[in-house]
**Student:** 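One structure coming up, written as structure tokens, with questions to follow.
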Amino acid sequence: MATVAASPTYTSSAGTPRSVLMDWLSTTDHKKIGVLYLHTSLFFFVFGGLEAILMRWQLMKPNNTVLTAEQFNQLFTMHGTTMVFLAIMPLSAAFFNYLIPLQIGARDVAFPRLNAFSYWVYLLGGIFITMPIFFWLAPDGGWFGYAPLSGRSYSPGPNMDFWVLGLQILGISSLAAGFNFVTTVINLRAPGMNMMRMPMFTWMSFVTQFLIILAFPVITIALVFLQFDRFFGTTFYAMSAGADPLLWQHLFWIFGHPEVYILVLPAFGLVSEVLPTNSKKPLFGYPVMAYSGILIGFLGFGVWAHHMFSVGLGPIADTVFSLTTMLIAIPTGVKIFNWIFTMWGGSIRFTTAMKFAIGLIAMFTIGGISGISHASPPSDLQQTDTYYIVAHFHYVLFGGAIMGIFAGIYHYFPKMYGRLMNERMGSWHFWLTLIAMNLTFFPMHFAGMLGMPRRIYTYDAGQGWELFNMLSTIGSFLLAPATLLFLYNFFTSKKRGEQCGPNPWDAPTLEWSIPSPPPEYNFAKIPMVSSRYPLWDLTHPERTSEIPHTQTGWTEAEMQTGEYDMTPMHVETETRTAKELGIPMPSSTIKPLFVALGIVLMFSGLLFMPKGMHVPAFVLMGGGAAMWIGFLYAWLTTPLEEHH
Amino acid sequence: MSTAHEAHGHHYTTTGLDNRKIAIWAFIGSECMLFASLISTYLIYKGKSVVGPYPHQAWTDPSTGRVFAPILNIPITSASTFVLLMSSLAMVLALSAVENKGKPMPPGSGWWDKALTSSKLWLWITCLLGAGFLGFQAYEFTSFVHEGLTIRTNLFGSSFFTLTGFHGAHVTAGVIWLGTLLAIDHKRGLMPSDTLAVDLAALYWHFVDVVWIAIFTLLYLIPD
Amino acid sequence: MALATVLILFALAACSGSYPNSTFQPTTDFNRDLTSLWDKMMFWGTIVFVIVEAILIYAIIKYRRRPGTPEPRHVHGNTLMEITWTLAPALILVFIAVPTVRTIFKTQAEAPASALQIEVIGHQWWWEFRYPEYGMTTANELYLPIGRTVNFALRSADVLHSFWIPALGGKRDLITNRTNYLWFTPDSTGEAAFNGSCNEFCGLSHANMKFRVFTVSPADFESWATHQKGNAVYPAASAASAASVQPVSNAASAQTAIAATTQPPAPAAAAVSPGFVFPREKVPPHVMPTTPIPPTVRIADAVIAAGDAERGLATYSRSACIGCHKIRGNPSSLGIIGPDLTHIGSRFTIGSGLFPNDAKHLAHWIKNARAMKPGSLMQTLGKGEHDPIMNSTVTMGGLTDPQIADIVAYLQTLK
Ligand code: HEA
Ligand code: HEA
Ligand code: CUA
Ligand SMILES: [Cu+2]
């Protein structure tokens with residue numbers, strides 16, 4: 001392992017602080033953008049967690065007065081919004097960015113500048129929607145902002161304006177990224193990397209991108225209606241005009257349910273990478289894993305009304321949506337069992353990543369089962385909008401998405417930084433998190449079934465909820481140190497972590513065949529992929545020999561075809577820079593940042609409209625529009641790569 | 001070893017297609033959901049407005065006694081629909097003109113054969129027809145407002161103006177896009193090597209056109 | 001763990017005394033259906049849970065890497081097994097789906113025509129209850145006759161709310177511009193009191209939108225309902241005349257009310273029964289709110305004690321109160337924005353189940369409702385009090401503490 005001795009030359013980011021800053025602001029390298037996503041979304045995760053901790057503090061005992069009603073309502077709205085749109089989705093995006101090109105053997109994503117744009121929109125949009133909480137002006141209508149409460153007549157303040165506009169902005173980011181990665185996966189796979197050889201993370205991310213580009217337009221329209229109602233006096237949700245409150249609910253949940261799979265499928269993908277590697281076994285039933293992912297995504301569009309069982313859709317609709325919802329248990333179950341049988345008969349190494357992966361299987365199952373228990377409309381009538389639901393979705397979100405993402409971070413950290421994270425601290429982090437999350441969320445099942453509604457800033461004594469709330473609060477207070485420990489481990493390991501080679505885990509997929517951290521161009525020579533587990537073909541042929549339909553040798557002739565030099569699968573030791581190798585890389589540019597900034601400024605202008613402050617409104621909207629159009633023009637008229 | 005790149009800019013792709021071609025299809029798929037949401041909202045709210053004016057029948061304001069004629073004007077919109085359809089045809093001809101630039105013409109071909117080979121001509125026609133459609137829409141909107149229907153009037157007004165407005169915005173974007181192609185064509189002439197650029201615009205243009213067919217049928221032709 | 005869940009939950013269900021809002025109470029036909037469905041769900045859920053976690057734990061223990069563990073055998077899949085764990089869950093789901101669908105159609109069928117109709121209207125943040133059968137309206141406290149099916153027609157005056165009495169059955173949303181229905185038969189509750197709550201987030205005081213439910217014998221219900229239908233009985237003397245008048249004959253009642261201001265209460269009062277009210281001694285503790293009074297609102301007990309109903313009636317009838325509240329029998333009090341106060345004296349709670357209905361809390365409430373309940377539509381009335389919504393101090397037309405005490409005294413007589 002040549003690179004163990006010292007990290008490769010190209011990683012030494014020489015330069016003044018200023019040039020380093022410019023380097024980040026103008027980067028188009030999918031790996032750097034991935035790193036930006038990772039750090040930003042970790043920050044928002046902590047922020048959303050702090051909001052949660054404040055809520056738990058207020059709910060610790062009956063009739064508590066730590067928070068006012070205003071503050072609490074803003075906190076749970078922003079906690080949900082932050083965790084869903086600013087923490088988990090971008091945490092997944094960090095992995096899309098960093099891993100997909102590496103896993104399919106590409107040198108970057110299809111549209112590197114669009115990729116940078118997505119990140120900057122996310123960052124600025126995140127700031128936009130988070131700022132008001134510092135002035136207690138944050139959105140306060142709940143994370144699904146039901147009409148008519150979210151309308152101007154019942155929420156006159158600027159709070160929900162921030163929410164509507166903020167989500168519009170964040171939607172732009174997700175959609176742009178969606179188109180980018182769909183194209184990347186379809187079009188930039190290395191020769192021989194056919195669909196049935198794609199690593200499972202890429203597969204699940206691919207499905208996720210389709211969910212994004214098909215679900216986000218729907219909430220965009222729902223938000224456009226709300227925005228027009230709030231700013232231009234349209235009547236979409238105006239009850240006096242005979243509007244139907246269910247319009248919002250349908251539109252929101254047609255987006256909202258696919259969204260929850262958008263949150264969890266990438267985590268499923270990460271776990272599907274960690275389990276085989278640490279069990280020394282190929283993924284059990286790879287094709288079924290891929291198909292079940294597709295099926296989950298597909299069914300996900302046909303179940304939205306299970307969030308509306310109490311609105312009185314009538315027996316027929318309730319029946320239909322109940323059955324479609326239950327169906328999803330089947331492909332999901334297939335995944336659970338295939339994961340378990342990936343480990344079965346293997347030789348399991350309990351890295352921290354592996355612990356979190358196993359944790360996901362155990363915890364997500366609990367959330368899934370409670371999910372099934374409210375897939376039955378009549379019994380959901382006793383559950384909906386109670387803490388039982390809160391318990392359900394934290395088991396699937398924290399026990400599913402977050403656990404999977406932690407697994408991914410521990411697993412891929414060495415690839416990103418060429419160093420290992422501290423395993424002892426990791427182990428502590430895992431066990432603390434596992435215990436604390438169950439202590440936090442399991443009692444919520446009881447609180448809910450014993451009559452405690454959700455979204456209440458206070459509750460009276462003697463209702464039989466004291467014990468469970470106290471336990472939940474204690475649990476959440478334990479999650480804080482656990483998370484702090486993780487952060488400490490993460491940041492110290494970057495510098496002091498033990499150096500590692502390209503493939504510390506003896507993993508089978510392409511990304512592990514190149515140095516850690518990878519050079520800007522990823523692959524000096526694009527490998528020709530002839531298997532699902534190319535690296536194991538080299539190092540442990542016996543592991544993959546029995547896998548059908550993946551072995552095709554390459555003839556010399558085939559080797560010569562194609563645009564750039566392709567070579568058989570190999571472990572890359574090249575350490576020269578792109579320039580030295582004459583590999584053209586997308587030139588860095590700051591234009592996407594300014595396009596993003598212009599768009600956000602344009603939206604912020606609207607904030608001044610309701611107050612009748614037309615001058616700042618039009619200055620911001622006009623200026624913002626001019627800005628993004630101008631920079632977009634400049635962007636489109638400059639080529640991606642300078643020709644040398 | 002890297003000679004390949006300098007030779008021709010575009011990289012190896014799995015499908016052999018250009019990335020942009022795949023991206024535009026993904027984009028169009030996404031757009032379908034966008035317009036599906038808008039159109040279904042219009043249909044859900046059809047006949048739910050508590051006050052007029054209404055799309056297809058007259059309405060008398062009980063308070064003022066003022067009579068409002070049915071809003072939608074089928075003949076005029078049929079005309080604008082025809083205009084948009086024709087623009088799609090022109091777009092097809094523009095694309096083929098770019099593809100076949102520089103091909104020698106068969107002997108005895110007349111001015112119209114020449115005309116068919118002029119990408120400028122057909123791009124201009126597409127643009128103008130598109131602009132014409134927008135003109136119709138501008139007229140339609142203003143006359144509706146005069147007849148007493150604004151985006152705030154009732155559910156019909158809100159959903160109608162928002163839906164057709166979104167479509168109009170798409171047409172506008174398309175006209176601008178085609179405009180840039182025209183500019184290039186006038187500056188240096190579009191060559192067969194530019195086919196993809198024109199093809200992308202064409203795909204988008206046809207999509208916007210198809211969406212209008214749906215809107216025209218569902219909003220205008222089907223009475224309530 | 002889930003097994004424990006079931007067991008514990010059933011335990012809880014059993015001793016629902018300590019868990020007054022438990023959903024596992026066989027109080028109504030409706031709730032029995034839901035609970036039996038839940039039992040099936042928990043049964044299968046537990047089986048799934050145990051199987052999954054058992055295999056998982058077995059696997060990670062048995063196949064952990066030890067020194068000298070051989071290279072594993074490299075199965076890439078097994079069609080038969082994969083078919084098994086596709087079909088097994090499918091089968092389980094059938095066992096869940098069939099009773100589910102049955103219950104859906106059973107519980108969402110038309111309510112029997114004989115059912116007692118009750119209109120529930122949600123307001124930010126309180127409940128209006130109408131008994132059309134009795135031409136009567138009350139607020140935040142429901143009386144239900146044991147054994148008779150009740151059919152709730154659910155509507156909203158503003159945003160979405162959700163009507164839930166955990167102990168009696170599932171919830172239904174109150175949806176603007178729509179009417180929803182929910183019906184059940186409280187056949188095995190006995191004379192009992194329950195808490196209800198709003199479960200759809202409806203803004204600032206969503207948490208404070210609670211209500212109380214009393215299931216009583218049909219006879220007691222009749223007595224209560226007929227009395228509630230009658231006009232305000234003030235002073236108790238005129239009870240005879242007032243209580244007996246048929247549907248709101250304002251003429252008669254108006255006279256009594258006005259007369260009342262001039263005549264001292266007649267001793268005859270004691271004789272008249274004020275109609276059935278749920279016996280105070282039987283009210284379980286969880287029904288009586290313990291919400292603390294915010295320290296910013298203060299009014300001396302001595303002042304409250306000195307309140308006089310006579311003056312109270314006069315002050316009330318000139319105060320801002322009458323703009324929002326109706327007291328049938330008081331010709332000047334015709335407001336409809338706020339809860340109907342005709343028989344406020346017979347209720348156990350005020351502020352939508354937020355505070356117990358006693359002189360002390362009522363006085364604080366009238367003095368500064370918005371400090372007592374965030375966002376309350378009822379404006380701050382006490383002179384010199386700070387109105388958190390207007391963010392201003394009440395001066396002109398504000399009520400002094402003695403005036404408030406008088407009004408309290410008056411309202412408390414309205415049994
Ligand atoms: C990661 C996100 C995520 C995931 C994956 C899921 C997964 C599921 N969810 Fe969940 N859900 C949420 C996030 C998620 N949910 C959120 C955020 C909300 C609340 C929104 C809000 O109101 O704020 C919600 C709310 C919600 C509701 C509405 C509740 C209400 O408001 O009344 C329902 C109702 O049906 C539901 C059902 C399900 C089901 C059936 C699944 C299934 O996909 C689960 C399938 C998995 C299993 C079943 C376990 C593994 C399977 C086996 C081991 C096989 C054998 C199993 C059986 C035979 C049962 N969810
Ligand atoms: C992936 C999504 C996600 C995640 C990870 C979480 C994580 C947590 N959630 Fe959240 N939650 C939601 C998504 C999520 N939640 C959603 C969608 C809602 C619905 C909102 C709505 O109703 O509109 C919700 C609602 C919700 C409620 C219900 C609010 C209500 O209905 O009134 C509660 C209550 O306890 C809660 C608690 C928690 C807790 C304790 C955590 C913990 O796991 C948090 C753990 C993380 C941390 C603790 C961060 C670490 C902190 C530090 C490192 C700083 C340490 C320093 C100090 C403590 C000083 N959440
Ligand atoms: Cu009413 Cu919540
Ligand atoms: Cu869902």
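In what follows, chains carry the letters A, B, and so on, assigned in the order in which the sequence lines appear, proteins first and then strands, with residues in each chain numbered from 1.
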**Student:** Are R172(C) and S310(A) linked by a side-chain donor-acceptor pair shorter than 3.5 Å?
**Tutor:** no
**Student:** Do any side-chain atoms of residues 201-210 of chain C form donor-acceptor pairs under 3.5 angstrom with protein atoms, and if so which ones, sequence neighbours left out?
**Tutor:**
from, atom 1, to, atom 2, distance (Å)
S205(C), OG, N208(C), ND2, 3.0
S205(C), OG, P374(C), O, 2.7
H206(C), ND1, E200(C), O, 3.2
H206(C), NE2, R454(A), O, 3.4
N208(C), ND2, Y457(A), OH, 2.9

**Student:** Can you tell which part of N338(A) gets under 4.5 Å to a heavy atom of chain C, answering side chain, backbone, both or neither?
**Tutor:** both
**Student:** Counting only non-hydrogen atoms closer than 4.5 Å, does L283(A) touch chain C with its backbone (N, CA, C, O), its side chain (CB onward), both, or neither?
**Tutor:**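 Just its backbone gets close to chain C.
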**Student:** So how far is it from D380(A) CG to K171(C) NZ, rounded to the nearest 0.5 Å?
**Tutor:**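 Rounded to the nearest 0.5 Å, the CG-NZ separation comes to 7.0 Å.
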**Student:** Taking the six-membered ring for Trp and the single ring otherwise, decide whether the centroids of Y154(A) and W125(C) are under 6.0 Å apart.
**Tutor:** no
**Student:** Does any heavy atom of chain C fall under 4.5 Å from the side chain of A243(A), the backbone, both, or neither of them?
**Tutor:**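 It is the backbone, since no side chain atom gets that close.
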**Student:** Is R66(C) in contact with chain A via its backbone, its side chain, both, or neither, using a 4.5 Å heavy-atom distance?
**Tutor:**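 Neither part.
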**Student:** Using a cut-off of under 4.5 Å on heavy-atom pairs, state which of S347(A), P287(A), A375(A) scores highest against chain C.
**Tutor:** S347(A)
**Student:** Measure distances from P289(C) to the heavy atoms of chain A and classify the residue's part below 4.5 Å as side chain, backbone, both or neither.
**Tutor:** both
**Student:** Suppose we screen for ring pair (Phe, Tyr, Trp, His ring centres under 6.0 Å). Which residues come up paired with F309(A), at least two apart in sequence or across chains?
**Tutor:**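 Expected list: none.
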**Student:** Could you check if a side-chain atom of Q382(A) sits within less than 4.5 angstrom of a side-chain atom of W164(C), using non-hydrogen atoms only?
**Tutor:** yes
**Student:** Among the options P245(A), A69(A), G142(A), pick out the one with the most heavy-atom pairs lying under 4.5 Å from chain C.
**Tutor:** P245(A)
**Student:** What is the distance from atom CG of L381(A) to atom CG of L37(C), rounded to the nearest 0.5 Å?
**Tutor:** 10.0 Å
**Student:** Would you mind telling me which of T103(C), I92(C), V48(C), L93(C) has the largest number of heavy-atom pairs within less than 4.5 Å of chain A?
**Tutor:**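 The option with the most such pairs is L93(C).
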**Student:** Would you call the rings of W38(C) and Y388(A) parallel, tilted or perpendicular, where under 30° means parallel and over 60° means perpendicular?
**Tutor:**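 Answer is perpendicular, since the angle exceeds 60°.
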**Student:** Side-chain contact, heavy-atom cut-off 4.5 Å: F341(A) with N78(C)?
**Tutor:**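 Heavy-atom side-chain distance check fails, nothing below 4.5 Å.
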**Student:** For each of T65(A), L323(A), I336(A), T384(A), tally heavy-atom pairs with chain C at distances under 4.5 Å, and name the one with the top tally.
**Tutor:** T384(A)
**Student:** Go through P315(A), G464(A), P453(A), G462(A) and name the one with the most non-hydrogen pairs under 4.5 angstrom from chain C.
**Tutor:** P315(A)
**Student:** Taking side chain as everything from C-beta outward and backbone as N, CA, C, O, which of these in S322(A) sits under 4.5 Å from a heavy atom of chain C? Side chain, backbone, both or neither.
**Tutor:** side chain
**Student:** Under a 4.5 Å heavy-atom cutoff, which of G375(C), P89(C), S197(C), A90(C) has the most pairs with chain A?
**Tutor:**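 Answer, by heavy-atom pair count under 4.5 Å with chain A: A90(C).
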**Student:** Flag the pair F350(A) / I60(C) as yes when at least one side-chain heavy-atom distance between them is below 4.5 Å, and no otherwise.
**Tutor:**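 Yes; the side chains approach each other to less than 4.5 Å.
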**Student:** Where does T290(C) contact chain A at under 4.5 Å (heavy atoms): side chain, backbone, both or neither?
**Tutor:** both
**Student:** Need one label for F76(A): side chain, backbone, both or neither, based on atoms under 4.5 Å from any heavy atom in chain C.
**Tutor:**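 Contact with chain C involves the side chain of F76(A) alone.
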**Student:** In Å and rounded to the nearest 0.5 Å, what is the CD1 to OG distance from I104(C) to S376(A)?
**Tutor:** 6.5 Å
**Student:** Counting only non-hydrogen atoms closer than 4.5 Å, does T68(A) touch chain C with its backbone (N, CA, C, O), its side chain (CB onward), both, or neither?
**Tutor:**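 For T68(A), there is no contact with chain C at all, as no heavy atom is under 4.5 Å.
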**Student:** So which of T365(A), D140(A), V311(A), I456(A) has the largest heavy-atom pair count under 4.5 angstrom toward chain C?
**Tutor:** V311(A)
**Student:** Relative to chain C, which segment of Q249(A) carries a heavy atom at a distance below 4.5 Å: side chain, backbone, both, or neither?
**Tutor:** side chain
**Student:** Side chain from CB out, backbone as N, CA, C, O: work out which of these in F30(C) comes under 4.5 Å of a heavy atom of chain A, or both, or neither.
**Tutor:**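 It is the side chain, since no backbone atom gets that close.
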**Student:** So, for Y19(C) and W465(A), is the gap between ring centers shorter than 6.0 Å?
**Tutor:** no
**Student:** Can you find a heavy atom in the side chain of L56(C) that is under 4.5 Å from one in the side chain of I361(A)?
**Tutor:** yes
**Student:** Answer with side chain, backbone, both or neither: which region of I358(A) has an atom nearer than 4.5 Å to a non-hydrogen atom of chain C?
**Tutor:**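 Both backbone and side chain.
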**Student:** Report yes if some heavy atom in the side chain of R65(C) is under 4.5 Å from a heavy atom in the side chain of K280(A); otherwise report no.
**Tutor:**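 Yes. Closest side-chain heavy atoms under 4.5 Å.
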**Student:** For the residue pair T100(C) and M326(A), establish whether any side-chain heavy-atom pair is separated by less than 4.5 Å.
**Tutor:** yes
**Student:** Supply the atom-to-atom distance M41(C) CE to Q383(A) CD, rounded to the nearest 0.5 angstrom.
**Tutor:**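 Going from CE on M41(C) over to CD on Q383(A), the span is 6.5 Å.
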**Student:** Could you give the distance from CE (M239(A)) to CG (L160(C)), rounded to the nearest 0.5 Å?
**Tutor:**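 Separation between the atoms: 7.5 Å.
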**Student:** Check whether L149(A) gets within reach of chain C through its side chain, its backbone, both or neither, counting any heavy atom under 4.5 Å.
**Tutor:**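 Looking at L149(A), backbone and side chain both touch chain C.
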**Student:** Looking at S373(A), G333(A), A362(A), S379(A), which one has more heavy-atom pairs under 4.5 Å with chain C than the rest?
**Tutor:**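 Ranked by heavy-atom pairs under 4.5 Å with chain C, first place is A362(A).
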**Student:** Answer with side chain, backbone, both or neither: which region of N199(C) has an atom nearer than 4.5 Å to a non-hydrogen atom of chain A?
**Tutor:**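 Contact with chain A involves both backbone and side-chain atoms of N199(C).
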